[in-house]
Amino acid sequence: MAQLIDGKRISQEIKDELKVKVAELKAQGKTGALAVIQVGEDPASSVYVRNKKNACAYIGIESLSYELPKETTQQELLDLIEKLNADSHVRGILVQLPVPAHIDENAIIRAIRPDKDVDGFHPQSVGAMTIGQKGFLPCTPAGIIQLLKRSGIEIAGKHCVVIGRSNIVGKPMALLLLHENGTVTIAHSKTRNLKELCKEADILVVAMGKPRFIGADYVKEGAVVIDVGIHRNENNKLCGDVKFEEVEPLASAITPVPGGVGPMTIAMLMNNCVESIAENEG
Ligand code: GUN
């Protein structure tokens, strides 16, 4: 039986640590707010945004909510970001993605001041992470590193296979595993012999966005399996990219869906917000 990597418990542990830190910062006169911007009413985005605001309330930081209509122009959104960039009380700015198609996502990401880029998506943040310099780390991959560390799983020297090369998960995940001295392979939709490659992984991170794609035939006995996928099946039940019941008996440790990687993204967002408040010189 595999060790269940409990993201719900670990994210709660992190939020409780942050709650203490926020109170200490408050006592030193250091406060600040997270601005959360949503354009349009995508139902999944609304759930994420609500969870982010609830997490702020839980750890004791202020959140400012901007719910903009889907017709909002790019310039109007850029003007709001400019106003929040200039507001010293605002220590984090988050624009929930995706934005409507008439808005250039990259232009929005570039407009956020890197010292308020708590998502870690700005090219300056990505560059700093790449060369191991100071900057905000993207929340989902940083959360996975925390899941591994807090579950007592050693990364150094391990063969880590990451399936997926998105800017938000796959690419930064590979870099963070490399920084932990993993030996990293990135696989993607054009990779040949994906099954054979996955079977060589000591740590397999699956972020391919295909419901229940990875079965027991992709997994080496004793591997650690991290499932980043989140989908609804035909019965409206949540599932990941991994066939959990098939892979679990083989793995040494595995994340469930839900309750694995998902809650860690928000915990690490809160971590970035607290760091930003701590480092604010006014
Ligand atoms: N959409 C999906 N994941 C994320 C995330 O981590 N941050 C933002 N801003 N939007 C997202």
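All values below come from the heavy atoms of this structure, side chains included, with hydrogens, waters and symmetry mates left out. If you're wondering where the values come from, they're calculated on a predicted model, not measured in any experiment. Both counts, for ligands and for their atoms, begin at 1 and track the order of listing.
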Backbone, side chain, both or neither: what part of D119 comes under 4.0 angstrom of ligand 1, heavy atoms only?
-> side chain
For F121, take its heavy atoms, then give the atoms of ligand 1 lying under 4.0 Å from any of them.
-> 5 (C), 6 (O), 7 (N), 8 (C)
Look only at the side chain of E248 and the backbone of A2, and say whether a donor-acceptor pair between them is shorter than 3.5 Å.
-> yes
Side-chain donor/acceptor of S125 to backbone N/O of G135, under 3.5 Å = no
Would you find a donor on one side and an acceptor on the other, under 3.5 Å apart, between the side chain of H188 and the backbone of G164?
-> no
Within the 4.0 Å heavy-atom cut-off, what K52 brings close to ligand 1 is side chain
Which protein heavy atom lies closest to atom 10 (N) of ligand 1, and at what distance to 0.1 Å?
-> L97 N, 3.0 Å
Can you tell which part of L269 has a heavy atom less than 4.0 Å from ligand 1: side chain, backbone, both or neither?
-> neither
Please confirm whether Y48 comes under 4.0 Å of ligand 1, counting heavy atoms of the residue only.
-> no
heavy-atom search around atom 11 (C) of ligand 1 in the protein gives Q96 NE2, 3.3 Å
Numbering as shown, the atoms of ligand 1 that approach V95 to under 4.0 Å (heavy-atom distance) = 8 (C), 9 (N)
Hey, does the side chain of K15 reach the backbone of I59 with a donor-acceptor pair shorter than 3.5 angstrom?
-> no
Going by distance alone, is a donor N or O of one side chain under 3.5 Å from an acceptor N or O of the other, for E62 and T31?
-> no
Does the protein place any heavy atom closer than 4.0 Å to atom 3 (N) of ligand 1?
-> no
In this structure, are over 12 heavy atoms from other groups packed under 6.0 Å from E275 atom CD?
-> yes
Checking D241 side chain against G209 main chain: does a donor-acceptor pair fall under 3.5 Å?
-> yes
